[in-house]
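Keep in mind that this is a model prediction, so the values were computed, not measured.
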Amino acid sequence: MSGATDTAREIYMTGLRNQHAIENEAVSLLNRQIERTETYPELVERMRLHVQESEGQLRRLEELLHAFGTSHSGFKDTVASIGANLAALGQSMAPDEIIKNSLANFAFENDEIASYKALLVLADASGHRAAEAALQQSLREEQDMAQFIDSHLKDTTLKFLARKSAGMTAGV
């Protein structure tokens with residue numbers, strides 16, 4: 001194996017471990033949001049589906065790491081999960097929590113999209129072409145979730161505004 005391929009493989013393994021931690025963070029964050037979101041059932045339904053997708057992504061990442069005789073980083077997973085819980089706690093105090101969650105989720109999904117695109121490049125550069133289907137599936141799931149958030153942002157914001165204007169609980 002060439003030096004460039006070895007370097008690509010090293011960066012790829014780090015990327016897979018990092019993405020595993022990010023997916024753990026996503027599951028934790030979405031589960032906290034689901035617990036608090038009552039008046040936006042269409043969002044809850046899609047978040048529940050995305051939790052299932054993210055759990056599938058975790059399994060795929062574990063399989064990819066296992067193919068190289070390694071595993072995810074428990075430390076990174078724990079730190080990411082704690083970070084997600086702290087982020088959810090911080091946003092739960094915002095008077096416009098549902099909007100803040102939507103904006104943060106949209107940014108998070110786009111970060112994951114970029115990560116999966118980079119992993120696809122690194123998989124190819126390291127000669128791990130067998131990973132393409134799994135990484136492409138995860139990428140599509142993240143793109144679909146980002147599209148859902150984007151297409152519902154206007155309605156979510158308007159529903160929040162209507163509830164707030166009517167003196168109703170406008171949050172989640």
Checklist entry - Would F68 and R9 satisfy side-chain contact (heavy atoms from CB on, under 4.5 Å), going step by step from the backbone distance to the final call? => result CA-CA 10 Å; F68 289 97; R9 184 167 285 179; 3.1 Å; yes

Next on the checklist: Can you confirm whether more than 12 heavy atoms, excluding those of E45, are under 6.0 Å from its CD atom?
Outcome noted: no

Checklist entry - Side-chain heavy atoms under 4.5 angstrom apart, residues restricted to Ile, Leu, Val, Met, Phe, Trp, Tyr: same cluster for M47 and V51? => result yes

Item to check | salt bridge (Lys or Arg N to Asp or Glu O under 4.0 Å) between R60 and E141, worked out | outcome: CA-CA 13 Å; R60 289 190 293 274; E141 291 166 353; 2.8 Å; yes

Next on the checklist: Could you walk me through whether R140 and Q136 satisfy the side-chain contact (heavy atoms from CB on, under 4.5 Å) test, starting with their C-alpha distance in whole Å, then the side-chain angles of each, then the deciding distance to 0.1 Å, before giving a yes or no?
Outcome noted: CA-CA 6 Å; R140 279 189 305 277; Q136 284 287 356; 3.6 Å; yes

Checklist entry - Any side-chain heavy-atom pair from L103 and K100 closer than 4.5 angstrom? => result no

Checklist entry - Atom CD in E109, atom CG in D144: separation rounded to 0.5 Å? => result 10.0 Å

Next on the checklist: Rounded at 0.5 Å granularity, tell me how far OG in S165 sits from CG in L161.
Outcome noted: 4.0 Å

Item to check | Between F148 and H50, ring centroids under 6.0 Å | outcome: no

Next on the checklist: Could you measure the distance from the CD atom of E112 to the OG atom of S138? Nearest 0.5 Å is fine.
Outcome noted: 9.0 Å

Item to check | Same cluster (ILVMFWY, side-chain, under 4.5 Å), L61 and I113 | outcome: yes

Checklist entry - Between D111 and I22, does a side-chain contact (heavy atoms from CB on, under 4.5 Å) hold up when you go through it step by step? => result CA-CA 10 Å; D111 181 67; I22 289 169; 4.3 Å; yes

Checklist entry - Is the number of heavy atoms from other residues, nucleotides or ligands under 6.0 Å of E35 CD greater than 12? => result yes

Checklist outcome for this item: Heavy atoms of S102 and I149 approach each other most closely as O-CG2, 3.5 Å

Next on the checklist: To check you understand the geometry: which heavy-atom pair defines the closest contact between N110 and A146, and what is its length?
Outcome noted: ND2-CB, 4.1 Å

Next on the checklist: Working to the nearest 0.5 angstrom, can you tell me the gap between I98 CD1 and E38 CD?
Outcome noted: 10.5 Å

Next on the checklist: Would the distance check show the side chain of K159 and the main-chain N or O of T39 forming a donor-acceptor pair, the cut-off being under 3.5 Å?
Outcome noted: yes

Next on the checklist: Tell me the closest heavy-atom pair linking F160 and Y40, and the distance in Å.
Outcome noted: CA-OH, 3.3 Å

Checklist entry - Are F106 and L153 side-chain neighbours, meaning at least one heavy-atom pair lies under 4.5 Å? => result no

Checklist entry - If we ignore angles and hydrogens, is there a donor and acceptor under 3.5 Å between the side chains of E62 and H20? => result yes

Item to check | Any donor-acceptor pair under 3.5 Å from N105 side chain to N101 backbone | outcome: yes

Checklist entry - Atom CG in L30, atom CD in E55: separation rounded to 0.5 Å? => result 10.0 Å

Next on the checklist: Nearest 0.5 angstrom please: L43 CG to Q33 CD, how far?
Outcome noted: 9.5 Å

Item to check | E132 atom CD: more than 12 heavy-atom contacts under 6.0 Å | outcome: no

Checklist entry - Under 3.5 Å, is there a donor-acceptor pair linking the side chains of Q19 and E23? => result yes

Item to check | Closest non-hydrogen atom pair, L120 against L139 | outcome: CD1-CD2, 3.9 Å

Checklist entry - Looking at A131 and L64, what are the two nearest heavy atoms and their distance? => result CB-CD2, 3.5 Å

Next on the checklist: We want to know whether E53 and Q57 form a side-chain donor-acceptor pair, criterion being a heavy-atom distance below 3.5 angstrom.
Outcome noted: no

Item to check | Under 3.5 Å donor-acceptor, S28 side chain and E25 backbone | outcome: no

